[in-house]
Protein chains: 2
Amino acid sequence: MITNHETPPTRGIQLSEQVARQLTHAIHTGEMRPGERLPTEAALGERYGISRSVVREAISMLRNAGLVTSRRGSGSFVAEVPTVALRLAIPDPSLQSIIRLLELRRALEVEAARLAAQRRTPSQLRRIRNAMADIDEAVEVGADGVDQDMAFHRAIAEASNNTHFTAVIDFYNRFLHHAITVTRTNESLRETFMAQVIEEHQAIADAIAQGDEEAAAQAAGRHLEHAEWRLRQAPTDLLERIEDTGTDTPI
Amino acid sequence: MITNHETPPTRGIQLSEQVARQLTHAIHTGEMRPGERLPTEAALGERYGISRSVVREAISMLRNAGLVTSRRGSGSFVAEVPTVALRLAIPDPSLQSIIRLLELRRALEVEAARLAAQRRTPSQLRRIRNAMADIDEAVEVGADGVDQDMAFHRAIAEASNNTHFTAVIDFYNRFLHHAITVTRTNESLRETFMAQVIEEHQAIADAIAQGDEEAAAQAAGRHLEHAEWRLRQAPTDLLERIEDTGTDTPI
DNA sequence: ATTTATAATGTTGTCTGACAAATCCAGCGA
DNA sequence: TCGCTGGATTTGTCAGACAACATTATAAAT
């Protein structure tokens, strides 16, 4: 191995991580702009005086962090929309843990509903109403309508026109899917529950349609409060395991 | 290269990603428990019929996702608290973008204040009040007190006793630091602003101390509303760049 | 026999070199 | 001008080796 040519990575920790930090810094500071191609792996190895393996490992970190994308035969490029990773603990399947998630959900969806009432475009409002119709349809066919339910809430998040909300909501929806399903498979309560849910949804959508921020926020808050109550009625032993759909990317 | 021995990774996309998915699935389903050591890189390469490079790349993904940790000479282990990465777009330094973040912040902190009023322990309440005192102290010395301000809000998030809130708040605080600083370096308005801020903080802390959920939520909402207003008063050209402290991990 | 030093083995981190697969580009021909 | 072809580039994967560190087994000493 040759001596370092540029900034010698401070000795101590992982070699690849030191290089990764330098590159992320360059991206964060805008030294490398979105879409720009970064030097070839060979060139980076030469510059830092390290082997290609280490360069690849460093770039792999950036890729997993969403800062760059690589195309075989072409090169690695700074991502168009650089992201940072927020790491959250995977909720265990306990009722307590699900309720903690519901609290987060309440925080976000109340405010999302408020913003949606304020900023929704006509087409976004249409999508919200379509989602409601989809739920009705699913219920009539005898399905649980959980996917449609989540689509409804996602449509509201989209109507907030703030990507942060959709990102976080998408995140926890994965873990809530099973919990919601459980409350809908409770045979004895299912009908009354669904009637409640649909009524609550209607209230949210109406408020958003009328552009009444406060009413939308309150309706969303009520819906989430009741959701927690409905969850508590469900037999806790059904919450044993959060299913792993396997369709999502590992990173 | 030898033929695949176990589940042949479905051909098509990145080889390393396919392996990463299988491993994440094993962890998510609990097939591999936290703390457990996973097979050596050589063994995994043998099992899937791939080279060690690919195995390393796959494990690198899991590492970056917070699912495993590796120790040289020892092995790779399933993380004690497995996490999933939520990727959020890095906000650009525009006023518009900062305000989108403030909206997220408002959603979380209003609810965090509500939960804190409901569940704060005595020691958590003490920490909130200490943070307030720290702000006073910093201001008297002539510092901007931004760090102390963020510590105050973090103390409230902690008092909510819901780790999701602290995680998300920690995340966006990094990007808000600069913006808040800007509003405090506005010489002409600084004194009146700080007086407002301190008064609003006091209202939140009092409501939390008294266990008044609704008052806490409203006080927090007002504070964040006013924060947005104060930000809008700041000269926009100061928002040019979000500083990169370089102290945070690249991933 | 227990404890301490030492050797042997195992595992991840890094280096080196090679080939495969995909992309890019320049030049050629119609 | 346009499309095609061939070579040059570049990332993905393979293979084997050594270094750094950790763990375990062995030997030594008290």
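Chain naming here is simple, since letters A, B, ... match the order of the sequence lines and numbering starts at 1 in each.
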Query - Side chain R52(A) and base dG17(C) donor-acceptor under 3.5 Å - result: no
Report summary line: With sequence neighbours left out, the residues meeting side chain to side chain contact (heavy atoms under 4.5 Å, CB included) with I135(B) are V139(B), Q148(B), D149(B), F152(B), M194(B), H201(B)
Query - R71(B) or R56(A), whichever maps to the more 5' nucleotide of DNA chain D - result: R56(A)
Query raised in the report: When the distance from CD of E57(B) to P of dT12(C) is rounded to whole Å, what number comes out?
Result: 16 Å
Report summary line: S74(B) meets the side chain to side chain contact (heavy atoms under 4.5 Å, CB included) criterion, sequence neighbours left out, with R71(B), F77(B)
Query raised in the report: Which residues pass the side chain to side chain contact (heavy atoms under 4.5 Å, CB included) test with T40(B), sequence neighbours left out?
Result: R37(B), A42(B), A43(B)
Query raised in the report: In terms of heavy-atom contacts, does CD of E36(B) have more than 12 from other residues, nucleotides or ligands at under 6.0 Å?
Result: yes
Query - Rounded interatomic separation in angstrom, taking CD from E17(A) and P from dG13(C) - result: 11 Å
**Report entry** salt bridge (charged side-chain N to carboxylate O under 4.0 Å, His left out) against R52(A), all qualifying residues, sequence neighbours excluded
**Finding:** E41(A)
Query raised in the report: Any idea which of dG13(C), dC15(C), dT13(D) is nearest the S70(B) side chain?
Result: dG13(C)
Requested in this report: Figure out the CD1/P separation between I50(B) and dT13(D), and round it to whole Å.
Outcome: 9 Å
Requested in this report: Grab the CG-P distance between L15(A) and dA20(D) for me, whole Å please.
Outcome: 12 Å
Requested in this report: Select base, sugar-phosphate, or nothing to describe what S74(B) touches, counting heavy atoms under 4.0 Å on all strands.
Outcome: sugar-phosphate
Report task. Let me know the distance between CZ of R37(B) and C1' of dT24(D), rounded to the nearest Å. Result -> 12 Å
Requested in this report: Output all residues satisfying side chain to side chain donor-acceptor pair (under 3.5 Å) with E228(A), sequence neighbours left out; order by chain, then residue number.
Outcome: R232(A)
Query raised in the report: Using the C1' atoms of five pairs at each end, what's the angle between the two axes of the helix from dA1(C)-dT30(D) to dA30(C)-dT1(D), to 10 degrees?
Result: 0°
Report task. With sequence neighbours excluded, give me every side chain to side chain donor-acceptor pair (under 3.5 Å) pair touching residues 98-110 of chain B. Result -> E111(A)-R106(B), R119(A)-E103(B), N162(A)-E103(B), R100(B)-E103(B), R105(B)-E109(B), R105(B)-H153(B), R106(B)-E225(B), E109(B)-H153(B), E109(B)-Y172(B)
Report task. For E41(B) and dA15(D), give me the distance from atom CD to atom P, rounded to whole Å. Result -> 15 Å
Report summary line: Y48(A) atom OH is separated from dC15(C) atom P, nearest whole Å, by 15 Å
Query raised in the report: What is the distance from CZ of R72(B) to P of dC18(D), rounded to the nearest Å?
Result: 16 Å
Query raised in the report: Between G73(A) and V54(A), who's closer to the 5' end of DNA chain C by nearest nucleotide?
Result: V54(A)
Report summary line: Applying side chain to side chain contact (heavy atoms under 4.5 Å, CB included) to T166(A) and not counting sequence neighbours gives R154(A), A157(A), E158(A), T163(A)
Query - Contact letters for nucleotides 3-8 of chain D, in which S counts primed atoms plus P, OP1 and OP2 and B counts the base, heavy atoms under 4.0 Å - result: ------
Query - Non-hydrogen atoms of A155(A) and I128(A) that approach each other most closely - result: CB-CG1, 3.8 Å
Query raised in the report: Does T40(A) make a side-chain N or O approach to OP1 or OP2 of dT9(D) shorter than 4.0 Å?
Result: no
